[in-house]
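Heads up, the thing below is written out as structure tokens.
Chain A is the first sequence line, chain B the second, and so forth, proteins listed ahead of strands; every chain is numbered from 1. Quick caveat, the model's predicted, so the values are computed rather than measured.
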2 protein chains.
Amino acid sequence: MIDIARHAGVSKSTVSLVLQASPLVKAETRDKVNAAIEALGYVYNRGAANLRGSRSNIVGMVINDLANPFFAELAVGIERVFHAAGYIPFIANTIENAKRQSEVLRSMSEHDIAGLIICPARGTRPADIEALAQIGVPTVLAMRRLAGPKFSSVTPDNLRGARRATEHLIALGHRRIAFFGGYSDMIAQNDRCGGYQAALAAADIPFDRSLVIEGPPNRDCGLNAIGHVLDMAEPATAALCFNDVVAFGVLSGLERRGLAAGRDFALVGFDDVAEARHTNPPLTTVHVDTGALGERAAHQVLRMIHGDTRPEEFVSDVDLVVRASCGATSGREA
Amino acid sequence: MIDIARHAGVSKSTVSLVLQASPLVKAETRDKVNAAIEALGYVYNRGAANLRGSRSNIVGMVINDLANPFFAELAVGIERVFHAAGYIPFIANTIENAKRQSEVLRSMSEHDIAGLIICPARGTRPADIEALAQIGVPTVLAMRRLAGPKFSSVTPDNLRGARRATEHLIALGHRRIAFFGGYSDMIAQNDRCGGYQAALAAADIPFDRSLVIEGPPNRDCGLNAIGHVLDMAEPATAALCFNDVVAFGVLSGLERRGLAAGRDFALVGFDDVAEARHTNPPLTTVHVDTGALGERAAHQVLRMIHGDTRPEEFVSDVDLVVRASCGATSGREA
DNA sequence: ATGGTTAACTGGAACGATCCAAAAAATTTT
DNA sequence: AAAATTTTTTGGATCGTTCCAGTTAACCAT
């Protein structure tokens, strides 16, 4: 910066003012400085600037599974809002690994992020997140709440969505309904699985614990789970999946056995990612307005950045969208 | 840090040594310092550290369309390698917008990234990237090369893949074959479309420019393009898409007209994303070993970080994988 | 001309780390 | 026990920026 100053024949303070687009410098001087900046190919050092109090314009977005298209959709909503507000979101992937997550979080706080949206990895302790809040990083949880202290969060109505989906399967005549994916130590799984159990209870169907197959919320889990429940003495005839990606895995598993969802087995997902509409057969699933959820999370962070730190738990409404995989329609759906 | 020093009864220099895990400090002292760090809830300020020369451990990954699952697969490969090497990748999305890309790039260089992998947005000028290289950021281009100076890059063999796919359609008897997606100012599109034209020429099929429908490489593009070529005086009977996502859009477009790929229209994609296997019908597409490509890109950045700055252009081999959407099989494929 | 205002610029202290040369403490050698 | 050596610790300069309190320049009204 001193080089710039020398090159433009001013002081480093003036250069600083130009960089901050201060109205205190004469247009003529500003042009001279900008010319020097251009000429010397100077890059601003944000780290040095942050040293003197100012917060950076990056916000962190920490997600647990980049391979799940759901998170891409969430990110799109988040980015829309932050970009309009002049913040640049940086995304990091934790692949559902708490250790990796804490490395990522440390790196982000070292770089002095202005805010954070996080889908906590399995095994995250509330204290891990609380530490962030302690040092003044506005944080909101997305998709997964955390037990204990009050954090801001945005989540879909997991319980209601799962309940409706299960009711739909029951209405179609199924009684052996499985639940695939997620772990019982994740709140989201509890909520969704809870909705599933509530629907069973309401229909006087006894809850069979062996029909709940836990596992990571990915394709492989669905692929394995379907084999499992099909090989039981009294096989399941339907399943609700923790999310669409798990359901995609089930689709593979069925195909591998020469079976088809909708015809031989009733399958319902959760999230309604864009791909769900085009699977074979199209997937019946619980629609979540993912983009809007992301926007909401971003707005919440923005609100906190601007000083309003009251936590807010936002729960978005969900809808069951019936396609062919549950066997309710003949496969035609716009 | 001075607080820590005081609390532990040592000097700030000693604290610094502890933070760097230097072997010069006595174990006893180290423990005292670590205890103080824990007690005061101190967070390391990377920005201040970078001020004195050292480079940070974050690497940037700039992609143009997060919603394309292809990039998630690429990111997974990249992350695997970087994580093993102790670097933390931060991802930013440019949504194919050169202006936004330059903001992202500026922000990343301000934060002093150790390296960069970038899928340049449409309209990126080589100079934009060259500026990065100038200030010493090891950069490799992924998926899209750039005209002009020698950058390192990793790309699939676009020309060969497109040519093989087109030859396959020709072998199935098609003569009115369209090409959907991408813009003629993108090198990747030129390569893929060039392979398509080469196959036509080899089969003595005259090239009809009106069968090449340009557009952004997303769902909407495919959805619109299929309507277009179906409404022509002499409609197309097959299409090669710039990528799978465009093909997914075509699937929607066909469905909307009550038509089905494989039966009424032959469709081939490019990339072979995980979803391609489970669309309705399963998508014939050009398989790219995306994860390996990502790993290769990451290794290249690592090599450059370690001082070997020779550019390397890596082209990975590709394979046509025939599923049902081109009409060649009856739909059964493992 | 003279003093009073305002506009435009500037020097130096801070921010939180690293690194070097040198001091202090501990250890070994004579 | 003193000298020599090694191990451990330390003060101060430094990195590139911002900010404050001045300083200088420019303008205005008397």
Report task. State whether A:Thr14 places a side-chain N or O below 4.0 Å from either non-bridging phosphate oxygen (OP1 or OP2) of C:dT10. Result -> yes
Query raised in the report: Within this structure, what is the CE-to-C1' distance between A:Met1 and D:dC19, rounded to whole angstrom?
Result: 11 Å
Requested in this report: For DNA chain C, determine which residues of residues 105-112 of chain A have any heavy atom closer than 4.0 angstrom to one of its atoms, and list them numerically.
Outcome: none
Query raised in the report: Quick one: B:Leu17 CG to C:dC20 C1', roughly how many Å, whole number?
Result: 11 Å
Requested in this report: Quickly work out the A:Glu28 CD to C:dA8 C1' distance and round it to whole Å.
Outcome: 11 Å
Query raised in the report: Atom NZ of A:Lys12 and atom P of D:dT18: how far apart are they, to the nearest Å?
Result: 10 Å
Report summary line: Which of D:dC19, D:dC15, D:dT9 is nearest the side chain of A:Gln20? It is D:dC19
Query raised in the report: Quick one: side chain to side chain contact (heavy atoms under 4.5 Å, CB included) partners of A:Pro89, sequence neighbours excluded?
Result: A:Val59, A:Glu79, A:Phe82
Query - Contacts of type side chain to side chain contact (heavy atoms under 4.5 Å, CB included), residue B:Arg52, not counting sequence neighbours - result: none
Report summary line: Sequence neighbours excluded, the answer for side chain to side chain contact (heavy atoms under 4.5 Å, CB included) partners of A:Leu17 is A:Ser22, A:Val25
Could I get a table of every N or O pair under 3.5 Å where one atom is in the protein and the other is in nucleotides 20-23 of chain D?
none

Report task. Any pair with a residue in residues 145-156 of chain A that passes salt bridge (Lys or Arg N to Asp or Glu O under 4.0 Å), sequence neighbours left out, goes on the list, sorted by first then second residue, please. Result -> A:Arg145-A:Asp191
Requested in this report: Sorted by first residue and then second, give each salt bridge (Lys or Arg N to Asp or Glu O under 4.0 Å) pair with at least one member in residues 124-139 of chain B; sequence neighbours left out.
Outcome: B:Arg125-B:Asp128
Report task. Go through the N and O atoms of the side chain of A:Arg52 and the base of D:dT17, and report whether any donor-acceptor pair is under 3.5 Å. Result -> no
Query raised in the report: Would you call the rings of B:His111 and A:His111 parallel, tilted or perpendicular, where under 30° means parallel and over 60° means perpendicular?
Result: perpendicular
Query raised in the report: Going by atom types alone, do B:Ser13 and B:Ser16 pair a side-chain donor with an acceptor below 3.5 Å?
Result: no
Report task. Would you mind reading off the distance between B:Arg6 atom CZ and C:dG16 atom P, rounded to a whole angstrom? Result -> 12 Å
Report task. Rounded to the nearest angstrom, tell me the gap between atom CG in A:Leu24 and atom P in C:dC9. Result -> 9 Å
**Report entry** Proximity to the side chain of A:Ser11 - top-ranked nucleotide from C:dT10, D:dC15, D:dC19
**Finding:** C:dT10
Please write out each protein N/O paired with an N/O of nucleotides 25-28 of chain D under 3.5 Å, distance rounded to 0.1 Å.
none

Requested in this report: Return no unless some side-chain N or O of A:Thr29 is found under 4.0 Å from OP1 or OP2 of C:dC9.
Outcome: yes
Query - Polar side chain donor-acceptor pair, A:Ser152 to A:Glu313, under 3.5 angstrom - result: no
Query raised in the report: Contact class for B:Val15 (heavy atom, under 4.0 Å): base, sugar-phosphate, or nothing?
Result: nothing
Report task. Mind listing the residues from residues 41-51 of chain A sitting with a heavy atom below 4.0 Å of DNA chain C? Number order is fine. Result -> A:Leu51
Report task. May I have all residue pairs that pass salt bridge (Lys or Arg N to Asp or Glu O under 4.0 Å) and include part of residues 114-124 of chain B, sequence neighbours excluded? Result -> B:Arg122-B:Asp185
**Report entry** For B:Leu51, all residues meeting side chain to side chain contact (heavy atoms under 4.5 Å, CB included), sequence neighbours excluded
**Finding:** A:Asn45, A:Ala48, A:Leu51
Under 3.5 Å, which protein N or O atoms sit close to an N or O of nucleotides 21-27 of chain C? Give each pair with its distance.
none

Query raised in the report: Counting only N and O atoms by type, is there a donor-acceptor contact under 3.5 Å from the side chain of A:Thr139 to the main-chain atoms of A:Val137?
Result: yes
